[in-house]
Amino acid sequence: MRLYNSLSRQVEEVKPVDERTVKMYSCGPTVYRYIHIGNMRSFMLGDLIRRGLRFEGQDVRWIMNITDVGHMTDEVTDTGRDKMELAVDDEGLTPQQIGQKYTDAFLADADLVGIERADLYPRASDHVPEMIEIIQKLLEKGHAYEVDGTVYYDVTTFPQYGKLSGNTLDALRAGHRQDTVADPNKRHPADFALWKKAGPGRLLKWPSPWGDGYPGWHIECSAMSMKHIGERFDIHTGGNDNKFPHHEDEIAQSEGATGQQVVSIWVHGGFLQMGGQKMAKSAQNIRRVTDLRDQGVDPLAYRLLCFATRYRSEMDFNWDALQGANERLTSIRKRMADWSKEPRPEPLSEGAQGFDRRFRDAVADDLDLPQAMVVLNELVSSPAVSGGEKYALLSLWDAVLGLDLMRLAREAWEPSEEINDLVRQRDEARSRKDYAASDAIRRRLIDMGLEVMDTAKGTRVRPSG
RNA sequence: GGCGGGGUGGCCGAGUGGUUAGGCAGAGGUCUGCAAAACCUCUCACAGCGGUUCAAUUCCGCUCCCCGCCUCCA
């Protein structure tokens, strides 16, 4: 599989350092509130990369962090309160309870959109000693300095700073934002906190060599990724907004501490927009996965909708398009139910193999799901491939797509005696040309949630989805 | 101000220097008693202005507009 590496700005082959297993780390959710479908798109990216690699026969170890402390605080002073602490005030729960509540909600929502569970979900609050260890190493190596209980990273000691985002130190100096307040303790405006001194009344704090405090925004990812998949791993994913400063700083930390390249490929997902704006709490345009369900849409239709857009591009969310995806998903599942009853030829035909190759190529080509969907659509309506083969291929491909395409086939729906009776009555009425009666019966069947079709063999019914 | 991504037919969205992306919606047709399902067909799409070229939606320049990051943010 090839992926676009934000660092090199080109598409690269995934070549696992440890030849047996691809190791991937994804920036996960912050758990002081519900996550929305825009966040989900990013998390789906990691899931799709893992599914794509497995499809090629590779083993993958996938880690996704849970952020329950740290990078949710005002950078300069301690007056800006940790968002976790604000949630504690609002909801009357302990930080642990808040974290647990929103972690559970995240996992449940992720399940709904077909994201398979990661191998591990390390929590930031469980890794403070590891973070302190890295900070100490950075101090020893001269990459960091302490001022009154707060430890900063000295960006001037890392000449490659800016290599990921393009925000080099020169550029950062040239284009200063007007509304930022300079921290007088920083030696360089781009320096960032590794460890912050705890202010009075702070709940979430830990003892450290520099006094009570809490970790800075970026250090958790350095600590947890290196602890769980090593100081040299293959893929790191996140949303586009993580590129700077989060990942830029993570590189400076991890590479500063280890003296080597840590991540091979950085993959960044494009944003989900809503009405031309980034979906974000501040824009008040967020939707949860459960909102989709409440609108009568299968959450997996959202997953299908995401496949229309390349993962790196921005995508505009819109209910009509989602509704369309929902229609399409149902229609494919119904066809799958029909095809499942046809014989499946053992060696696939030439034609079917051709479709399979094209599908696999698309997935391997930097996760070109829009192209893969074209192949899928062509297969669905291809007269050259039998229904049995279509079923075989689509159920294979669903390992990557995760759309539960076999749902209706699996449910193996059988009409009840009552339905069979009505079907018989309708066929009799039709043979008598008593259309008033046959239409009345059809109406009843439809009201029972069925789809009614006339075939050469008479009335046929199936669940309408 | 710095860094970066865009403007494609009713909607979502691929893609390409000359040949139909695809899905959804809509229209017509085949089939049907009528529907449904299925299949077929369709509405001269590429922000604007210049330029390069035999040929530009695709390359170059300019203009207009939108979005993201630079502060918490997938």
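So that the names make sense, note that chain A is the first sequence line, chain B the second, and so on, each numbered from 1. Note: hydrogens, waters and symmetry copies are ignored here, and every other heavy atom, side chains too, is used.
- As rounded to the nearest Å, B:rU16 and B:rU57 have C1' atoms that lie 9 Å from one another.
- Checked for salt-bridge contact, A:R360 and A:D356 meet the test: a charged N lies under 4.0 Å from a carboxylate O.
- Between A:R442 and A:D439, at least one side-chain nitrogen of the basic residue sits less than 4.0 Å from a carboxylate oxygen of the acidic one, meeting the salt-bridge criterion.
- Taking the charged nitrogens against the carboxylate oxygens, A:R333 and A:D398 have no contact shorter than 4.0 Å, which rules out a salt bridge.
- Residue A:I446 contributes atom CD1, which lies 13 Å from atom P of B:rA35 at whole-angstrom precision.
- A donor-acceptor contact under 3.5 Å is formed by the side chain of A:R442 with the base of B:rA35.
- In the model, A:D104 has a side-chain atom that pairs as donor or acceptor with a side-chain atom of A:Q100 under 3.5 Å.
- With a cut-off of 3.5 Å on both pairing distances, the Watson-Crick or G-U wobble partner of B:rC59 is B:rG51.
- For the P atoms, the distance from B:rG48 to B:rC42 is 25 Å, rounded to whole Å.
- Using a 4.0 Å heavy-atom criterion, one finds that A:Q277 contacts the sugar-phosphate atoms exclusively.
- Considering only side-chain N and O atoms, A:K278 lies under 4.0 angstrom from the phosphate OP1 or OP2 of B:rC69.
- At a cut-off of 3.5 angstrom, the base of B:rG4 holds no donor-acceptor pair with the side chain of A:N240.
- Following rounding to the nearest Å, A:D447 (CG) and B:rA36 (P) show an atom-to-atom distance of 16 Å.
- The P atoms of B:rC31 and B:rC40 are separated by 16 Å, rounded to the nearest whole Å.
- Rounded to an integer number of Å, the gap from A:M453 CE to B:rA37 P is 9 Å.
- A:S438 comes within 4.0 angstrom of a nucleotide base, judged by non-hydrogen atoms across all strands.
- Among the heavy atoms of the strands lying under 4.0 Å from A:N242 are primed sugar atoms or P, OP1, OP2 only; no base atom is included.
- Counting non-hydrogen atoms under 4.0 angstrom, A:R312 reaches nothing in the nucleic acid.
- The side chain of A:T455 contributes no N or O atom lying less than 4.0 Å from OP1 or OP2 of B:rU32.
- A close approach under 4.0 Å does occur between a side-chain nitrogen or oxygen of A:R33 and OP1 or OP2 of B:rA74.
- Distance noted for atom P between B:rC67 and B:rC12: 15 Å (whole Å).
- Taking 4.0 angstrom as the limit, A:T309 places none of its side-chain polar atoms (N or O) nearer than this to OP1 or OP2 of B:rC12.
- Among the protein residues, A:L272 comes within range of the nucleic acid bases, having at least one heavy atom under 4.0 Å from a base atom.
- Both distances falling under 3.5 Å, in either a Watson-Crick or a G-U wobble arrangement, place B:rC24 opposite B:rG10.
- A:R460 comes within 4.0 angstrom of nothing in the nucleic acid, heavy atoms only.
- Looking only at atom types and distance, the side chain of A:R460 has no donor-acceptor partner in the side chain of A:T455 under 3.5 Å away.
- Within the 4.0 angstrom heavy-atom criterion, base atoms lie near A:G270.
- Following rounding to the nearest Å, A:L322 (CG) and B:rG13 (P) show an atom-to-atom distance of 12 Å.
- Summarising the geometry, the separation between CZ on A:F317 and P on B:rG13 is reported as 11 Å, rounded to the nearest angstrom.
- Straight-line distance between the P atoms of B:rC24 and B:rC59: roughly 30 Å, to the nearest whole Å.
- For the C1' atoms, the distance from B:rA74 to B:rU41 is 43 Å, rounded to whole Å.
- Separation of the C1' atoms belonging to B:rU8 and B:rG23 is 15 Å when rounded to the nearest angstrom.
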Worksheet item: Do A:Y34 and A:Y102 pass the ring pair (Phe, Tyr, Trp, His ring centres under 6.0 Å) test, and can you show the C-alpha distance, the side-chain angles, and the key distance before you say yes or no?
Response: CA-CA 6 Å; A:Y34 293 116; A:Y102 290 105; 4.9 Å; yes

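- Between A:R335 and B:rC39 there is a side-chain N or O to OP1 or OP2 distance below 4.0 Å.
- A:N167 has no side-chain polar atom (N or O) that falls below the 4.0 Å cut-off from OP1 or OP2 of B:rC3.
- The NE2 atom of A:H247 sits 22 Å away from the P atom of B:rC3 (whole-angstrom rounding).
- Note on A:Q371: every side-chain N or O is 4.0 Å or more away from OP1 and OP2 of B:rG15.
- Of the candidate nucleotides B:rA74, B:rA25, B:rC12, B:rC12 has the atom lying nearest to any side-chain atom of A:D316.
- Rounded to whole angstrom, the span from the CZ atom of A:F244 across to the C1' atom of B:rG5 amounts to 17 Å.
- Ion pairing between a basic and an acidic side chain is recognised when a charged N comes within 4.0 Å of a carboxylate O; A:E418 and A:R444 show such pairing.
- Nucleotide B:rG1: paired with B:rC70 (Watson-Crick or G-U wobble, both distances less than 3.5 Å).
- Relative to the side chain of A:R430, the nucleotides B:rG33, B:rA74, B:rG23 differ in distance, and B:rG33 lies closest.
- Nucleotide B:rG15 holds its P atom 10 Å from the CG atom of A:D365, rounded to whole Å.
- For the OP1/OP2 pair of B:rG15 and a distance below 4.0 Å, the side-chain nitrogens and oxygens of A:R310 include at least one atom meeting the criterion.
- Side-chain contact of A:Q371 with A:D365: a donor-acceptor pair under 3.5 Å is absent, judged by distance alone.
- Taking 3.5 Å as the limit, the base of B:rC72 and the side chain of A:D241 contain no donor-acceptor pair of atoms between them.
- At the heavy-atom level, A:R358 lies nowhere under 4.0 Å from the strands shown.
- Annotation: B:rG7 and B:rA47 have their P atoms spaced 8 Å apart (nearest Å).
- Checking the phosphate oxygens (OP1, OP2) of B:rC24, a side-chain nitrogen or oxygen of A:R328 falls inside 4.0 Å.
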